[in-house]
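Take a look at the structure set out below.
Nothing here was measured: the structure is a model prediction, and the numbers come from that model. Order of appearance sets the numbers: ligands from 1, and atoms from 1 within every ligand.
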Amino acid sequence: MKIIDTIYLDGAFVTPHGDEMFDLFNPATEQVIGRVRLADAQDARDAIASAKRAFPAFSRTGRHERIDMLKRMHAAVVAREDALYEAITEEYGAPVSRGRWMAQHASSVLLEAAKVLQDYPFTRRIGIAEVVMQPLGVAGLITPWNSDAGFICGKLAAALAAGCTAVIKPSEMSAIQTRIVTEALHDAGLPPGVFNIVTGRGDTVGAEIASHPDVAKLSFTGSTAVGKSILRTAAETLKRVTLELGGKSPVVILDDANFDEAVPLAIQAGLMNSGQACIAGTRILVPRARLAEFEAHVKDALAQVRAGDPRDPLTSVGPMVSRKQWERVQRYIRVGIDEGARLIAGGEGRPDGVDAGWFVRPTVFSDVVNDMTIAREEIFGPVLSIIAYDDTPDAIRIANDTNYGLQAYVMSRDIDRARQVAAQIDAGRVLVNTLAHEPAAPFGGFKQSGIGREYGTFGLEAFLEPKAVLGVTGA
Ligand code: NAD
């Protein structure tokens, strides 16, 4: 049983003012594995004050000093990679390959930010003006549970690269992972107050960060509903806001696609991170004339997908993070059946042979029409919808007929055709015949998938404000 009874404030682990104890679970066993003492609004205010004190000196640090800090942070997180992997498996239930990727991703985002900082032009000349990119101030970073360490490190890396100081509010459900990351980042030896980590509830700690006048910038990853409330709250003090929200990503299978390649990719895109991924490809758009052939391939592919013990290297779908999430996914499966979609794999309940843990049967519906609930709402579990289309314009229309616009996938033998389709889809990223990630390219959503971009130069600039200085250029 792990007891986490401190928060990270002003460069030290301290007992929070908040005294609520919150249970932490292993989702594969439903057993309580730890307890965390949650921070409260007073702790959030203390953390903001600490970051505010640290800002003047930190914002004046030079590029090379900050690159050096990011590299130290990277090395410190690399040194904890095995412990982090263990925590990800135990507390989140990520299958082996995903867990390893997540543990490694947490350190790599720090190095990526250092690379961006290396060449970024903080000062440039535009006409007779000298334009300086200036750090915004204290950044509030609020993150979800579905890739805890990666989100903490990614947002912190961009904030610090820009010269901002930070207050981080991670999900209360990921406290063991957060603790390991915090210990690593502490070992990197940054000046006190440059980053503070206050694990607490969203409606107390999160709300305090979203409303506090001394926070200049908010970067939030989470649900669209909470993102909207944060934007409304932030409007009072006109904070700069980056929102990375939900998705209902289309996978457009063009009529020339090779199903031997496209189906495994589509299944992987849909079931990644056990379906708990904002970028999951959950609406699979298939040419009507090839629907039966596609379904047969999907059934074969699903028969190979193992859902269960995340420590089994053959498992690709682990448990849902919590009982609440498990019940939510079960409810959506029932809704799909009630609305007349046809189950071709999976269904309600746990996978065969599994009688404990928040496991879901990887589920695929066909005969889904795009106005059904399961095609419109983000389920955040391994539940996929196959939607038939008539021709390519119809596929593009369906792909864009959603409130979301985070990511899309296009599968075709003809890259030029796929590129033309990609050009017509409203999504922050479109992946053609691949599930690759480019850490230097912008990431973020169109429409209700969010506002702004993370990663690379775009992600750095989200923490900077341009200032034009005139009369100093000699022009
Ligand atoms: P959530 O919105 O419930 O919570 C996210 C974070 O916000 C948590 O730390 C939570 O405590 C906090 N929070 C809750 N209420 C708050 C409030 N009123 N004020 C301030 N903070 C508050 O989301 P979740 O269930 O933790 O995560 C799942 C969601 O995250 C999904 O919708 C998913 O699509 C989204 N997500 C998006 C991305 C992306 O990059 N676009 C990535 C991962 C997850």
Min side-chain heavy-atom separation Phe58-Leu160 under 4.5 Å: yes
Min heavy-atom dist Gly450 to ligand 1 below 4.0 Å: no
Heavy-atom nearest option to atom 43 (C) of ligand 1, drawn from Asn146, Thr204, Val321: Asn146
Residue pairs passing the salt bridge (Lys or Arg N to Asp or Glu O under 4.0 Å) test where at least one lies in residues 213-222, sequence neighbours excluded: Lys52-Asp214
Atom 42 (C) of ligand 1 [closest protein heavy-atom partner, distance rounded to 0.1 Å]: Cys278 SG, 2.9 Å
Within-4.5 Å side-chain heavy-atom neighbours: Val14 and Thr6: no
Leu245, any N or O under 3.5 Å of ligand 1 N or O: yes
Heavy-atom nearest neighbour of atom 7 (O) of ligand 1 within options Trp145, Phe220, Phe151: Phe220
Glu172 near ligand 1 by a heavy-atom separation under 4.0 Å: yes
Ligand-residue contact atoms, ligand 1 with Ala207, heavy atoms, under 4.0 Å: 19 (N), 20 (C)
Cation-pi check, Arg350 onto Trp358 ring (under 6.0 Å, within 45° of axis): no
Proximity flag Gly445 to ligand 1, non-hydrogen atoms under 4.0 Å: no
Nearest neighbour in protein (non-hydrogen) for atom 9 (O) of ligand 1: Thr143 O, 2.8 Å
Any N or O of Thr224 closer than 3.5 Å to N or O of ligand 1: no
Check: Gly222 N/O within less than 3.5 Å of ligand 1 N/O: yes
Nearest-contact summary for atom 20 (C) of ligand 1 - protein heavy atom, Å: Gly206 C, 3.2 Å
Phe443 neighbourhood, listing ligand 1 atoms whose heavy-atom distance to it stays under 4.0 Å: 40 (O)
Identity and separation of the nearest protein heavy atom to atom 11 (O) of ligand 1: Lys169 NZ, 2.7 Å
Top protein contact for atom 15 (N) of ligand 1, by heavy-atom distance: Val226 CG1, 3.6 Å
Single hit among Val252, Ile387, Leu384, Val298 for side chain to side chain contact (heavy atoms under 4.5 Å, CB included) with Ile284: Leu384
Proximity to ligand 1 by part of Ile279, non-hydrogen separation under 4.0 Å: neither
Aromatic plane relationship, Phe443 with Tyr455 - under 30° parallel, 30 to 60° tilted, over 60° perpendicular: tilted
Close N or O approach (Glu378, ligand 1; < 3.5 Å): yes
Taking atom 28 (C) of ligand 1 as the reference point, the nearest protein heavy atom with its distance: Phe380 CE2, 3.6 Å
Test item: Leu156 and Ile168 side chains (from C-beta on) under 4.5 Å apart, heavy atoms: yes
Parallel, tilted or perpendicular: ring planes of Phe195 versus Tyr8, cut at 30 and 60 degrees: parallel
Non-neighbouring partners of Arg45 that pass side-chain hydrogen bond (donor to acceptor under 3.5 Å, both in side chains), sequence neighbours left out: Gln42, Glu208
